[in-house]
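These figures come from a predicted structure and were not determined experimentally. Every heavy atom of this structure was used, including side-chain atoms; hydrogens, water molecules and symmetry mates were not.
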Amino acid sequence: MASMYFPMNTMHFVLSLLLLWVNALPTIVPDYAPHARAVKYGIQGADNIRAVGLYYTDGNPHLTSSSTPGVAGDAMVATTPNPPTFFLKSGQLFAYVNQTTVMYVNVVDPKTDKTLVVREGMFNVQLGAKKEGLAGEFYYVGDSLHLSKTSLPPPHPAPGQKALFQFGKLVAVSETNDGLWWACEERRGHDGTMGRALYVDFLGYNFQKRPTPDGCHGFTLHSWGEWT
């Protein structure tokens with residue numbers, strides 16, 4: 001059988017078409033987060049998120065879920081040997097499951113869920129297969145995860161638009177949690193790990209202006225690129 005021969009210029013043409021096709025594939029670059037990223041969205045990995053300031057527990061508590069990966073459940077903070085990884089895109093925080101599956105991190109009103117403890121002015125954080133709850137946005141200030149109650153200005157605004165960052169600093173954001181999160185009632189993870197349900201409010205970071213909610217502990221969440 002005779003071997004096939006392709007002229008060099010034909011091979012160059014085919015390779016050029018292939019490169020154009022690859023470059024045309026959609027890729028999504030995460031916003032704000034210094035390290036968070038996921039393979040499905042054109043990036044190489046995702047980061048876990050560590051809870052800092054929870055003095056009632058030993059070890060290194062992380063943001064995790066009460067359910068198995070890929071199944072809806074309550075967000076919680078717990079010391080677990082295999083914490084999930086997360087990435088941020090366009091103000092939405094996602095839990096990375098695998099190369100074809102992600103879970104939305106949603107902020108919901110506890111009054112809509114009879115299984116949750118209702119605390120005035122506080123919202124529960126859950127993982128789900130679709131976007132639900134508040135229309136607010138997650139964003140990072142340095143390595144600290146924050147949440148706004150409403151939509152944020154774009155990170156790269158068009159001419160005339162207000163920017164989220166100006167001169168390298170975050171502009172004022174109304175109704176934000178200022179990076180403060182609450183670990184409240186106990187939850188058991190899918191692997192038996194005990195943790196606490198994750199809540200958030202938008203009253204600011206100043207502890208002196210308000211008491212700690214009953215049964216809750218204040219802390220911050222951080223992404224340090226441990227899984228890059």
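- Closest heavy-atom contact between G195 and A78: CA-CB, 3.8 Å.
- One distance of note links CD of E175 with CG of D201; it measures 11.0 Å at 0.5 Å rounding.
- The two residues M76 and M194 come nearest to each other via the heavy atoms CE-C, 4.5 Å.
- The shortest side-chain heavy-atom distance between D47 and F87 does not fall under the 4.5 Å cut-off.
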Please tabulate, for the side chains in residues 127-134, all donor-acceptor contacts under 3.5 angstrom to protein atoms that are two or more places apart in sequence or on a different chain.
residue : atom : partner : partner atom : Å
K131    : NZ   : Q92     : OE1          : 3.1
K131    : NZ   : L134    : O            : 3.3

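- Here the closest non-hydrogen pair linking N48 and P83 is ND2-CG, 3.8 Å.
- Residues P110 and Y199 form a side-chain contact, since some pair of their non-hydrogen atoms from C-beta on lies under 4.5 Å apart.
- Shown are L221, N177, V105; of these, the side-chain contact (heavy atoms from CB on, under 4.5 Å) with F138 is made only by V105.
- A 4.5 Å side-chain heavy-atom check between V97 and V102 finds every atom pair outside the cut-off.
- Considering CD of E137 and OG of S90, their distance stands at 8.0 Å, rounded to 0.5 Å.
- Heavy atoms only, all atoms of each residue included: S67 and A72 are closest at OG-O, 2.8 Å.
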Full working for side chain to side chain contact (heavy atoms under 4.5 Å, CB included) between N60 and R50: CA-CA 7 Å; N60 295 313; R50 186 177 293 189; 3.8 Å; yes
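- In terms of the side chain to side chain donor-acceptor pair (under 3.5 Å) criterion, T79 has no residue partners (sequence neighbours excluded).
- Between the CG atom in D178 and the OG atom in S148 there is a gap of 11.5 Å [rounded to 0.5 Å].
- With sequence neighbours left out, the ring-ring contact (aromatic ring centres under 6.0 Å, His included) criterion links F123 to F202.
- Contact annotation: the side chain of I49 never approaches that of H62 to less than 4.5 Å [non-hydrogen atoms, C-beta and beyond].
- The distance between the ring centers of Y104 and F94 falls below 6.0 angstrom.
- Between L198 and W182 the shortest side-chain heavy-atom distance does not fall below 4.5 Å.
- Once rounded to the nearest 0.5 Å, the distance linking CG of D143 with OG1 of T220 reads 8.5 Å.
- Closest non-hydrogen pair, F219 versus A183, comes out as CE2-N, 3.3 Å.
- A salt bridge between R188 and E186 is absent, with no side-chain N of the basic residue lying under 4.0 Å from a carboxylate O of the acidic one.
- The shortest distance between side-chain heavy atoms of R196 and R187 does not fall below 4.5 Å.
- In this structure, a donor-acceptor pair under 3.5 Å is present between the side chains of T176 and Y139.
- The heavy-atom pair separating G136 from L147 by the smallest distance is C-CD1, 4.4 Å.
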Intermediate values then yes/no, side chain to side chain contact (heavy atoms under 4.5 Å, CB included), D74 and N124: CA-CA 8 Å; D74 294 329; N124 181 248; 3.9 Å; yes
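- A heavy-atom distance below 4.5 Å is found between the side chains of L88 and Y140.
- Remark: N82 pairs with no residue by the side chain to side chain contact (heavy atoms under 4.5 Å, CB included) rule, at least two apart or across chains.
- Interatomic distance, CG of L180 versus NE2 of H146, reported as 9.5 Å (0.5 Å rounding).
- The shortest distance between side-chain heavy atoms of M122 and C184 falls below 4.5 Å.
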